[in-house]
Amino acid sequence: VQLQASGGGLVQAGDSLRLSCAASGHTFNWSAMGWFRQAPGKEREFVAGITWSDYYAESVKGRFTISRDNAKNTVHLQMNSLKPEDTAVYYCAAKLFDMRITTRPSEYNYWGQGSLVTVSS
């Protein structure tokens, strides 16, 4: 089972980016999918999760949108109005056969390799 994240980059404050995560090796239709991020010197934190509904951290609510395409086994994170404090390595994660969105990294079974997002002021 592999998760491959892509779409990071360097942008200016106020810009948008779209992260994608492609899953392979297993269908994730019955799995909660999430995005986390980790800034330098900080712990990994929950950003957004999706099952049949979506859930967001307060810091990104109204700016980020998570979506999934079960037919393509992919999940996306649309990030708008980016701020310098959004700078971090972003990771996609999955909870295989578990449709509960949770915010603790330890509760996710599979992780992508991380995609760096840098937002300059």
Rounded to the nearest 0.5 Å, the OG atom of S31 sits from the CZ atom of F97 at a distance of 6.5 Å
To the nearest 0.5 Å, tell me how far N80 CG sits from L82 CG. 7.5 Å
Q113 side chain vs A5 backbone, donor-acceptor pair below 3.5 Å: yes
Using modelled atom types and a 3.5 Å cut-off, is there a donor and acceptor pairing between side-chain atoms of S120 and backbone atoms of V11? yes
So, F36 versus F46, ring centres under 6.0 angstrom or not? yes
Any side-chain to backbone donor/acceptor pair from Y56 onto I66? Under 3.5 Å, distance only. yes
Are Y55 and L77 in one and the same hydrophobic cluster, where Ile, Leu, Val, Met, Phe, Trp and Tyr link if side-chain heavy atoms are under 4.5 Å apart? no
With sequence neighbours left out, the residues meeting salt bridge (charged side-chain N to carboxylate O under 4.0 Å, His left out) with K72 are none
Considering only heavy atoms from C-beta outward, does the side chain of V75 approach that of W35 to under 4.5 Å? yes
Spacing of OG1 belonging to T65 relative to CG belonging to D54, to within rounding of 0.5 Å: 7.5 Å
Please identify which of these residues, T87, D86, V89, meets the side chain to side chain contact (heavy atoms under 4.5 Å, CB included) condition with R37. D86
Donor-acceptor check, side chain of N73 to backbone of S24, threshold 3.5 angstrom: yes or no? no
Strictly distance-based, threshold 3.5 Å: is any side-chain N or O of R68 a donor or acceptor partner for the main-chain N or O of T74? no
Could you tell me how the ring of W30 sits relative to the ring of W52: parallel (under 30°), tilted (30 to 60°) or perpendicular (over 60°)? perpendicular
Listed pairs under 3.5 Å, donor-acceptor, residues 98-108 side chains, sequence neighbours left out:
residue: D98; atom: OD1; partner: R100; partner atom: N; Å: 3.1
residue: D98; atom: OD1; partner: R100; partner atom: NE; Å: 3.0
residue: D98; atom: OD2; partner: R100; partner atom: NH2; Å: 2.9
residue: T102; atom: OG1; partner: K95; partner atom: NZ; Å: 3.0
residue: T102; atom: OG1; partner: E107; partner atom: OE1; Å: 2.8
residue: Y108; atom: OH; partner: T102; partner atom: N; Å: 3.4
residue: Y108; atom: OH; partner: T102; partner atom: O; Å: 2.6

Between S20 and H76, does any side-chain donor sit less than 3.5 Å from a side-chain acceptor? yes
Nearest-0.5 Å distance that lies between atom CG in L19 and atom OH in Y90: 7.5 Å
